[in-house]
Amino acid sequence: MKISVCGKGGCGKSTIVTLLARELAARGEEVLIVDADESNYGLHRHLGMEKPEDFMEYVGGKAGFLQSRGADPQAFLNQYFKGPWTLSDIPEKYRTEKDGIKLMCSGKIQAVGEGCACPFHSVLKAFVAHLQLADHQVAILDMEAGIEHFGRGIDSEMDLLFMVLDPSYESIQLAKKIAVMAAAIGKPVYYLLNRVDAAAQQVLIDAVPDEDKVACVIPVNPVLLAEGLSGSALTMRIPEIGRVADLITG
Ligand SMILES: Nc1ncnc2c1ncn2[C@@H]1O[C@H](COP(=O)(O)OP(=O)(O)O)[C@@H](O)[C@H]1O
Ligand SMILES: [Mg+2]
């Protein structure tokens, strides 16, 4: 199953991806996390893992891609993505692994003036389109903030979409937009409420497009807050994430 985790910046995507991956791995699922956020650098630390080399390098790096893609980037990428890919086809230097979780990183912005993140996402789309997963294998994409990935068609390659909402007007507006976009591509979407107290919970539940699709309500958790602040590995298992994992493992 391929799942994307999306939402506005800072809503808790990477935290939830980490907790969910741990929960799934503890249940015996083989998990691939794809760090698809070009602007944040902490996911591998949440996981207590080394960051692998950017997958962008697989097609010659950003500069190589921009030089060589010519007028037909799809034809260029087709040289690298011919048939189906399984998890073991991912070259070792582009994945790190720990406790049943593999981590890939599509690409990070490193330097002033290097150009936009579009090449990372073109390669990511080609990869997820070719990725074939067996039973008990789950790929989770930790997306960049916002909805550009919908525009690129990456979510069209997913089986299931999770949208994380923090207690903010922007999250509510984004949830409405994502509901429309998910419906347009025929993908199921669940809403994960994060960092909410009782008052915010009610506002968000009333505001999301489909109350029945609220998969969990996670309060502010002081341990998550402290570990997130220090950049140390997240150590907790929280029951709310168990309910999200149930949507995947049945
Ligand atoms: N339920 C929570 N309780 C306390 N802190 C949280 C919770 N969820 C996320 N955080 C903290 O909020 C910050 C942003 O979370 P993060 O997962 O990095 O967001 P995103 O990936 O959406 O940008 C981090 O410092 C993280 O530790
Ligand atoms: Mg993040």
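In each ligand, atom 1 is the first atom listed, and ligand 1 is the first ligand listed.
By the 4.0 Å N-to-carboxylate-O rule, Arg27 lies close enough to Asp246 to be salt-bridged with it. A salt bridge does not link Asp159 with Lys187: every distance from a Lys NZ or Arg NE/NH1/NH2 to an Asp or Glu carboxylate oxygen is 4.0 Å or more. Ion pairing of Glu30 with Lys102 is present here, as a side-chain N (NZ or NE/NH1/NH2) and a carboxylate O approach within less than 4.0 Å. Checked for salt-bridge contact, Asp35 and Lys108 meet the test: a charged N lies under 4.0 Å from a carboxylate O. Under the 4.0 Å criterion applied to side-chain N and carboxylate O atoms, Lys213 and Glu211 are not assigned as salt-bridge partners. The existence of a salt bridge linking Glu157 and Lys2 is excluded, since no basic side-chain nitrogen approaches an acidic carboxylate oxygen closer than 4.0 Å.
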Between ligand 1 and the protein, tabulate every N or O atom pair separated by less than 3.5 Å, reporting distance only.
from     : atom 1 : to     : atom 2 : distance (Å)
ligand 1 : 1 (N)  : Asn194 : OD1    : 2.9
ligand 1 : 1 (N)  : Pro219 : O      : 3.1
ligand 1 : 3 (N)  : Asn221 : N      : 2.8
ligand 1 : 8 (N)  : Asn194 : ND2    : 2.9
ligand 1 : 12 (O) : Arg195 : NH2    : 3.1
ligand 1 : 17 (O) : Ser14  : N      : 3.3
ligand 1 : 17 (O) : Thr15  : N      : 2.8
ligand 1 : 17 (O) : Thr15  : OG1    : 2.6
ligand 1 : 19 (O) : Gly12  : N      : 3.1
ligand 1 : 21 (O) : Ser14  : N      : 2.9
ligand 1 : 21 (O) : Ser14  : OG     : 3.0
ligand 1 : 22 (O) : Cys11  : N      : 3.2
ligand 1 : 22 (O) : Gly12  : N      : 3.0
ligand 1 : 22 (O) : Lys13  : N      : 2.8
ligand 1 : 22 (O) : Lys13  : NZ     : 2.8
ligand 1 : 23 (O) : Gly10  : N      : 2.9
ligand 1 : 27 (O) : Leu224 : O      : 3.3

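Under a 3.5 Å cut-off, the side chain of Ser4 and the backbone N or O of Leu161 do not form any donor-acceptor pair.
Remark: Glu148 engages Arg152 in a side-chain hydrogen bond (donor to acceptor under 3.5 Å, both in side chains) (not counting sequence neighbours).
Applying the ring-ring contact (aromatic ring centres under 6.0 Å, His included) rule to pairs touching residues 124-167 yields Phe55-Phe127, Phe81-His130, Trp85-Phe127, sequence neighbours excluded.
The Mg ion (ligand 2) has Ser14 OG as its protein N, O or S neighbours under 2.8 Å.
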